[in-house]
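Working notes, structure below.
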2 protein chains.
Amino acid sequence: MTVPTGRRERKKAAKRQKIADTALRLFLERGYDAVGIRDVAAEADVAVTTLFAHFPAKEALVFEQDADFEQRLTRAVTDRAPDAPLIPALRREVLALVRHCTGDGAGPIWHMIDSSPALRKYEESMQLRHAEVLAAAIEAEFAPPRTATACRTIARFAIAAYTLAREAAEPEAALDETFQMIEAAWEATRPA
Amino acid sequence: MTVPTGRRERKKAAKRQKIADTALRLFLERGYDAVGIRDVAAEADVAVTTLFAHFPAKEALVFEQDADFEQRLTRAVTDRAPDAPLIPALRREVLALVRHCTGDGAGPIWHMIDSSPALRKYEESMQLRHAEVLAAAIEAEFAPPRTATACRTIARFAIAAYTLAREAAEPEAALDETFQMIEAAWEATRPA
DNA sequence: TTCGAAAAACTAACCGTTAGTTCTACGGTT
DNA sequence: AACCGTAGAACTAACGGTTAGTTTTTCGAA
């Protein structure tokens, strides 16, 4: 029962990273649609089946850090100080995520995503999954007296805030405005 | 330059309907995944390419009345009495749509949709498209003084209300609650 | 009746994805 | 140090949705 320090897992993670890096490079060089799964596998020197063992779909190669996103959101809810209000905690985390996406050299990647219907669709489903996980975290803490519907609604709103901010001309201003709306919506569900 | 009374277009529409009906029947008989595009085409006595000339994807065969949905939503905004408030008008239309989906013999169809990841994904994209169209309609009427971000946010919220209500145990109660939240959010954007 | 154009058909593939199988390399045990 | 058991990786071969390219049919207008 040794702790998972295995070399195997390091190799696996390295291979996964190599596949993702190769894929992203090829996609940006030649365009997402112009690069096939077989191209990526060949360039990364792995079998096609190996690629699909690490990633569930072609689109997942682009959204490699999917899991992080989800974790950060739920932790913003569960790890906040006791009795700290929900909405500002959510707002802080979503703001960080938006900054992460609009900053540094992420421009070309998002341009690629916006240009590909397949990638946009995939991102949509991803975000709905995130909304459901976030909803579960919120319900776990507020379910009584807040209703499940109210919690799920707020979760959806928070994800929508992220998306709309990312697309807006002035992301941070848009986020401020949207979260004012979310705050009002959350207040409206406060039990008498 | 005769008005479009053509027999051609009637035939075309009839063929389209026949394809959709055949597909839905086969899907419900044997299951969505168990029926291939080639099966549908054969049973409807058309070529595969003809099928794709009428429907952009396999999933579209199930969501045949997609366009209606979109039109009804936008009309709820544009065709309401002058100076009538926005949110109640939206609420009324969304309620009608929810009733249409949860009522009569629609059960098996929605069960099929909920069981198929492909269909769920397709419905998600559809709804986001609807949200964008609805957002455009709202912006066209409220853009000054309301911001574009606020309008887009409300459109997303309205679509989310539909989805959450459809999934809830008590759809109409869920809709009431969600729209109270939406009303509060909309009020929060009222300019000073 | 004839002509032009739109619709439908046929062929033949491309591409993402998966099942089935075999090979290989690592980790724990003796 | 030699030995298994297992998990990762590879190969093959296909399936199913989708599309490009081309030809044939069908209808409306002149």
Side-chain angles (χ1 to χ4, degrees), chain A residues 1-20 22-24 26-27 30-63 112 116-123 125-126, chain B residues 1-20 22-24 26-27 30-63 112 116-123 125-126:
Chain A
M1 194 65 76
T2 43
V3 205
T5 320
R7 165 159 61 214
R8 239 177 188 167
E9 323 190 350
R10 250 181 301 128
K11 275 205 168 183
K12 186 175 180 182
K15 189 153 275 187
R16 182 196 149 91
Q17 197 59 44
K18 184 181 179 185
I19 295 173
T22 304
L24 197 56
L26 291 186
F27 290 159
R30 309 183 205 161
Y32 179 76
D33 288 325
V35 178
I37 283 289
R38 291 162 178 90
D39 299 329
V40 176
E43 184 87 5
D45 199 30
V46 297
V48 172
T49 44
T50 303
L51 190 154
F52 278 106
H54 287 277
F55 300 92
K58 184 190 183 186
E59 298 91 37
L61 290 166
V62 175
F63 298 99
M112 174 179 82
S116 161
L119 286 176
R120 280 215 307 273
K121 260 180 105 164
Y122 190 85
E123 199 204 354
S125 320
M126 244 181 51
Chain B
M1 194 66 75
T2 43
V3 206
T5 320
R7 165 158 61 214
R8 232 176 192 167
E9 323 190 349
R10 251 182 300 128
K11 275 207 168 181
K12 186 175 180 181
K15 189 154 275 189
R16 181 196 149 92
Q17 197 60 43
K18 183 182 180 185
I19 294 173
T22 304
L24 197 56
L26 291 186
F27 290 160
R30 309 182 205 163
Y32 179 76
D33 289 324
V35 178
I37 284 289
R38 292 164 178 90
D39 298 329
V40 176
E43 183 86 5
D45 199 29
V46 297
V48 172
T49 45
T50 303
L51 189 154
F52 278 106
H54 287 276
F55 299 92
K58 185 190 183 187
E59 297 90 35
L61 291 166
V62 174
F63 298 99
M112 174 178 81
S116 161
L119 287 175
R120 280 214 308 273
K121 258 181 109 165
Y122 191 85
E123 198 204 355
S125 322
M126 243 181 52

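Per chain, numbering begins at 1; letters A, B, ... match sequence-line order. In this text, all values refer to a predicted model and were calculated from it rather than measured experimentally.
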Checklist line | d(NZ, A:K11; P, D:dG8) in whole Å | finding: 14 Å
Note to self: Students often get this wrong, so: under 4.0 angstrom with heavy atoms, is B:D45 touching a base, only sugar-phosphate, or nothing?
What the structure shows: sugar-phosphate
Next item on the list: Measure from CZ on A:F27 to C1' on C:dC15 and round the result to the nearest Å.
Entry: 13 Å
Next item on the list: Mind checking B:V35 for me? I need base, sugar-phosphate or nothing, with any heavy atom below 4.0 Å counting as a touch.
Entry: sugar-phosphate
Check: Please give, in whole Å, the distance from D:dG16 P to B:E59 CD?
Finding: 15 Å
Next item on the list: Nearest 0.5 Å please: distance from the CD atom of A:Q17 over to the NZ atom of A:K12.
Entry: 14.0 Å
Next item on the list: Write down the distance between CG (B:D33) and P (D:dC15), rounded to a whole number of angstrom.
Entry: 16 Å
Notebook entry, point to check: Tell me: CZ of B:R16 to P of C:dA7, nearest whole Å?
Noted result: 14 Å
Notebook entry, point to check: What integer distance in Å separates B:L51:CG from C:dA7:P?
Noted result: 16 Å
Next item on the list: Could you check whether B:V48 gets within reach of a base, just the sugar-phosphate, or nothing at all, counting any heavy atom under 4.0 Å?
Entry: base
Note to self: Does any part of the side chain of A:V62, heavy atoms only, come nearer than 4.5 Å to the side chain of A:Y122, both counted from C-beta?
What the structure shows: no
Note to self: Measuring to OP1 and OP2 of D:dA10, would you say a side-chain N or O of A:T50 lies under 4.0 angstrom away?
What the structure shows: yes
Next item on the list: May I have the distance from B:I37 (atom CD1) to C:dC14 (atom P), rounded to whole angstrom?
Entry: 21 Å
Next item on the list: Mind calculating the distance between NZ (B:K12) and C1' (C:dA5) to the nearest angstrom?
Entry: 13 Å
Checklist line | Of A:T49 and A:G36, the one whose closest DNA chain C nucleotide lies more 5' | finding: A:G36
Check: Between the base of D:dG16 and the side chain of B:R38, is there any donor-acceptor pair under 3.5 Å?
Finding: no
Check: Of B:K58 and A:A47, whose nearest nucleotide on DNA chain D comes first from the 5' end?
Finding: A:A47
Check: Quick one: does A:L61's side chain get under 4.5 Å of A:I19's, heavy atoms only?
Finding: yes
Item checked: Minimal non-hydrogen separation, B:A41 against B:L51, with atom names -> N-CD1, 4.1 Å
Item checked: OP1 or OP2 of C:dA8 under 4.0 Å from side-chain N/O of B:H54 -> yes
Next item on the list: Measure from the side-chain heavy atoms of B:A57 and tell me the nearest of C:dA9, C:dT18, D:dT18.
Entry: D:dT18
Margin query: Ring of A:Y32, cation from A:K58 - is the NZ or CZ under 6.0 Å from the centre and inside 45° of the axis?
Written below: yes
